[in-house]
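All chains are named by letter (A, B, ...) in the order of the sequence lines, taking the proteins before the strands, and each is independently numbered beginning at 1. Here the structure is a predicted model, which means the values were calculated and not measured. These numbers come from the heavy atoms of this one structure, side chains and all, not from hydrogens, waters or symmetry mates.
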Protein chains: 2
Amino acid sequence: MARGEKRPVTVHTIAKHVGVSPSAVSTVLANRHEERRLAPATVEKIRAAVRELGYVPNIAARRLRAHDPEVHHHELGILTSFEAPVFLVSRVLRQVQRLADARTGAGRRYSISIEMFHAGRLRAMPGLLNASRFNGVIVTNTVPEDDAFLAGTTLPYAVVVLGRRLPNYCCVLDTPGEIGRKAAEILLKGDCRSPVVLTPALLTQSTAERAEAFCATVRAETGREAARVAALGFTPANGAEALRAHLGAGRRCDGLYAVTDSLALGAYQAIKDAGRRIPKDIAVVGVGDHEHADFFDPPLTCVGPSNDTIVEQVVTQLFYLMTHRRVKPVEIFVPPSVVRRASA
Amino acid sequence: MARGEKRPVTVHTIAKHVGVSPSAVSTVLANRHEERRLAPATVEKIRAAVRELGYVPNIAARRLRAHDPEVHHHELGILTSFEAPVFLVSRVLRQVQRLADARTGAGRRYSISIEMFHAGRLRAMPGLLNASRFNGVIVTNTVPEDDAFLAGTTLPYAVVVLGRRLPNYCCVLDTPGEIGRKAAEILLKGDCRSPVVLTPALLTQSTAERAEAFCATVRAETGREAARVAALGFTPANGAEALRAHLGAGRRCDGLYAVTDSLALGAYQAIKDAGRRIPKDIAVVGVGDHEHADFFDPPLTCVGPSNDTIVEQVVTQLFYLMTHRRVKPVEIFVPPSVVRRASA
DNA sequence: CGGAAATGCTAAATCGATTTAGTCGCAAGC
DNA sequence: GCTTGCGACTAAATCGATTTAGCATTTCCG
């Protein structure tokens with residue numbers, strides 16, 4: 001049982017409680033009491049105390065003691081917010097592991113983990129500031145509060161930021177302006193006259209810029225304004241609901257740009273339910289952040305960040321920073337990828 | 001630059017190299033040299049040595065030193081293989097975080113991370129055996145080699161296994177037999193006469209049992225054999241290709257059970273391309289392991305593990321084990337969830 | 001010229017767990 | 001009677017980094 005607000009239980013606590021030395025406790029914890037000939041009665045007393053006091057070993061201490069002093073251990077982290085989808089993150093992890101495996105050898109070892117923070121609460125993640133958790137991190141899916149935190153301190157280890165532009169860090173970025181523009185061009189070239197852009201109500205920097213560039217392009221090319229439809233959240237259900245409302249109100253729409261694929265998926269449903277056909281009545285463009293955009297019905301035309309390139313860049317940068325400790329942060333812009341499929 | 005096979009560089013190495021004490025080095029590393037009045041020349045020499053020797057701080061040591069001795073730190077891990085999709089894993093993480101947040105307080109803190117291993121190489125994950133990485137873990141997406149490893153040793157901390165049955169651990173399991181049976185029943189009740197089961201060529205324990213139970217039920221109810229179609233892999237493209245071959249060869253099919261939703265998604269495409277309608281010509285049943293099964297066109301009827309329940313159970317068990325150190329391992333079977341949608 | 005203040009650094013303790021090299025009694029053996 | 005051996009345990013070193021307290025010098029100022 002945990003003891004309210006007392007100091008954590010350590011081997012010393014237990015040792016004192018039982019009246020033996022910490023070594024004896026440790027011996028029992030490691031199940032070495034046979035070979036080290038502890039009296040069965042003592043072992044039982046120690047076991048009882050461990051249970052009674054609710055001992056939880058200190059991992060940092062164990063690791064320090066357990067590690068082989070001949071090998072260099074590197075801790076890498078991929079930090080992302082809970083609120084964001086893990087699709088891209090898991091690809092990043094796989095790529096990090098690939099490079100790490102390649103340089104793992106006799107004296108070198110890597111641990112890679114994904115850790116999540118509540119959007120806006122990155123600063124609360126323990127060990128970030130005092131560098132006591134990672135030798136290098138990739139940070140992604142931050143919100144402005146997190147960005148402000150990062151911009152305010154220069155973390156003293158390798159940091160690569162994915163999807164945000166921060167002056168003091170190495171950043172890998174897509175080009176939402178270009179993406180929005182190209183999406184608009186595709187729709188307009190397909191003779192779309194009443195373009196609509198579907199966004200979540202809470203815009204991230206990326207989604208805002210995509211939508212903005214889309215509207216600006218429409219304005220520049222046609223002199224008219226694109227309609228903006230805001231979904232409550234990021235899910236297909238949110239997208240479906242928002243677009244259903246738009247179409248149901250009799251508003252025009254013959255071309256749709258959804259700033260995330262999940263919204264596009266919801267939009268598909270709303271469009272079909274309204275008896276419209278894709279792309280004949282309404283052409284749809286997504287961004288390609290969904291694993292299976294290719295299997296939407298019809299397959300979704302996508303204009304968006306080139307994930308392959310982004311993943312590769314971000315991981316390459318991380319390893320570069322870790323070996324070469326660069327002084328100047330760099331910004332890497334990854335041009336959009338355009339995949340024409342049947343939906344526009 | 002890393003120095004080949006030498007011992008890792010520590011603050012001592014650097015101190016000796018420069019001719020100062022480790023404290024001075026540490027001071028510079030923490031950027032406290034101003035307030036502690038180190039001579040600028042010394043600072044520069046130390047910085048140069050840090051760069052030259054390629055110093056990488058030991059995280060375990062930093063953590064041990066940095067942590068507040070008043071707070072109890074708990075390390076939780078979710079271990080999964082690279083080769084598996086992260087959909088369920090990310091849900092597990094969110095749920096773990098929820099419970100952890102609920103019990104985080106003054107003297108208590110949790111760190112939760114996802115770590116991945118190569119399928120079959122779980123044993124190679126450092127710190128598992130000597131308990132130097134986690135106070136508790138959820139293990140999932142193991143393959144038989146990993147299971148053998150786990151079965152062979154009883155890890156001395158809280159372990160919950162998701163999706164595998166191991167005698168010495170607390171396991172949370174779906175019931176693939178029941179799932180396969182119910183899937184068959186749904187199709188047969190819909191007057192399906194030529195049922196087909198679509199599986200990946202490399203069957204996992206779960207997918208094998210689902211398919212097996214499906215076929216057994218068909219046999220028992222109708223006296224005929226269900227056709228088995230094997231896809232090369234787990235992706236929609238694999239599923240589409242396999243089913244296309246089946247339909248193209250003129251083989252019968254008026255009801256399909258796909259043992260993963262990604263295969264079902266591919267099957268949708270093959271079916272539509274062949275000019276058949278869902279569910280009129282071919283009814284389709286999936287398992288509900290895809291986030292957006294609800295937005296397939298038509299929405300996918302699913303008979304599969306009840307992910308909500310599984311996630312909840314697995315996390316509850318983890319926290320239970322961590323506080324109560326149970327002696328007897330338990331097996332928790334989660335009954336299937338059936339979600340009727342339009343596809344069958 | 002003497003004392004105070006500033007400068008520039010180091011020794012040693014610390015974090016928590018593990019392990020090596022003993023220590024201390026007591027019984028058995030010669 | 002003295003050694004040997006064993007049973008049951010402990011003291012102290014260790015892992016690597018950080019921090020506190022403090023020790024020499026040198027400089028400043030009246």
Please write out each protein N/O paired with an N/O of nucleotides 26-29 of chain D under 3.5 Å, distance rounded to 0.1 Å.
none

Separation of [N] [atom2] from [X] [atom1] (nearest whole Å):
X: Glu35(B); N: dC9(C); atom1: CD; atom2: P; result: 16 Å
X: Lys45(A); N: dA8(D); atom1: NZ; atom2: P; result: 13 Å
X: Asn31(A); N: dT18(C); atom1: CG; atom2: P; result: 11 Å
X: Arg36(A); N: dG22(C); atom1: CZ; atom2: C1'; result: 14 Å

Inset, instruction - Give the nucleotide from the list dA8(D), dT19(D), dA17(C) with an atom nearest to the side chain of Ala39(A). - result: dA8(D)

Inset, instruction - Determine the contact category for Arg63(A): base if any of its heavy atoms lies under 4.0 Å from a base atom, sugar-phosphate if only primed atoms, P, OP1 or OP2 are that close, otherwise nothing. - result: nothing

Inset, instruction - Give Thr42(B) one of three labels, base, sugar-phosphate or nothing, depending on what nucleic acid heavy atoms sit under 4.0 Å from its own. - result: sugar-phosphate

Scan for salt bridge (charged side-chain N to carboxylate O under 4.0 Å, His left out) pairs involving [range], sequence neighbours excluded, and state none if there are none.
range: residues 21-36 of chain A; answer: Arg32(A)-Glu35(A)
range: residues 143-164 of chain B; answer: Asp147(B)-Arg164(B)
range: residues 76-99 of chain A; answer: Arg91(A)-Asp308(A)

Inset, instruction - Examine the side chains of Ser26(B) and Ser23(B) and answer whether a donor and an acceptor come within less than 3.5 Å of each other. - result: no

Inset, instruction - Describe, as an angle rounded to 10 degrees, how the axis at the first end of the helix from dC1(C)-dG30(D) to dC30(C)-dG1(D) is tilted relative to the axis at the last end, five pairs per end. - result: 70°

Inset, instruction - Could you tell me whether the side chain of Asn168(A) and the main chain of Ala151(A) form a donor-acceptor pair under 3.5 Å? - result: yes

Inset, instruction - Any pair with a residue in residues 7-35 of chain B that passes ring-ring contact (aromatic ring centres under 6.0 Å, His included), sequence neighbours left out, goes on the list, sorted by first then second residue, please. - result: none

Legend entry - Pairwise ring-ring contact (aromatic ring centres under 6.0 Å, His included) hits with a residue in residues 100-150 of chain B, at least two apart: His74(B)-Tyr110(B), Phe82(B)-His118(B), Tyr110(B)-Phe319(B)

Quiz: residues 55-65 of chain A side-chain donor-acceptor pairs under 3.5 angstrom, not counting sequence neighbours:
unit_1   : atom_1 : unit_2    : atom_2 : d
Asn58(A) : OD1    : Ala60(A)  : N      : 2.9
Asn58(A) : OD1    : Ala61(A)  : N      : 2.9
Arg62(A) : NH1    : Ala131(B) : O      : 3.1
Arg63(A) : NH1    : Glu75(A)  : OE2    : 2.9
Arg63(A) : NH2    : Glu75(A)  : OE2    : 3.4

Inset, instruction - Could you tell me whether the phosphate oxygens of dC6(D), OP1 or OP2, come under 4.0 Å of any side-chain nitrogen or oxygen in Arg37(A)? - result: no

Inset, instruction - Please identify each residue that fulfils salt bridge (Lys or Arg N to Asp or Glu O under 4.0 Å) with Arg121(A), with sequence neighbours left out. - result: none

Legend entry - Partners meeting salt bridge (Lys or Arg N to Asp or Glu O under 4.0 Å) with Glu312(A) (sequence neighbours left out): none

Legend entry - Those residues that, when tested against Thr153(B), pass side chain to side chain donor-acceptor pair (under 3.5 Å) (two or more places apart): none

Legend entry - Base versus backbone protein contacts along nucleotides 10-16 of chain C [heavy-atom cut-off under 4.0 Å; B, S, -]: BBBBBBB

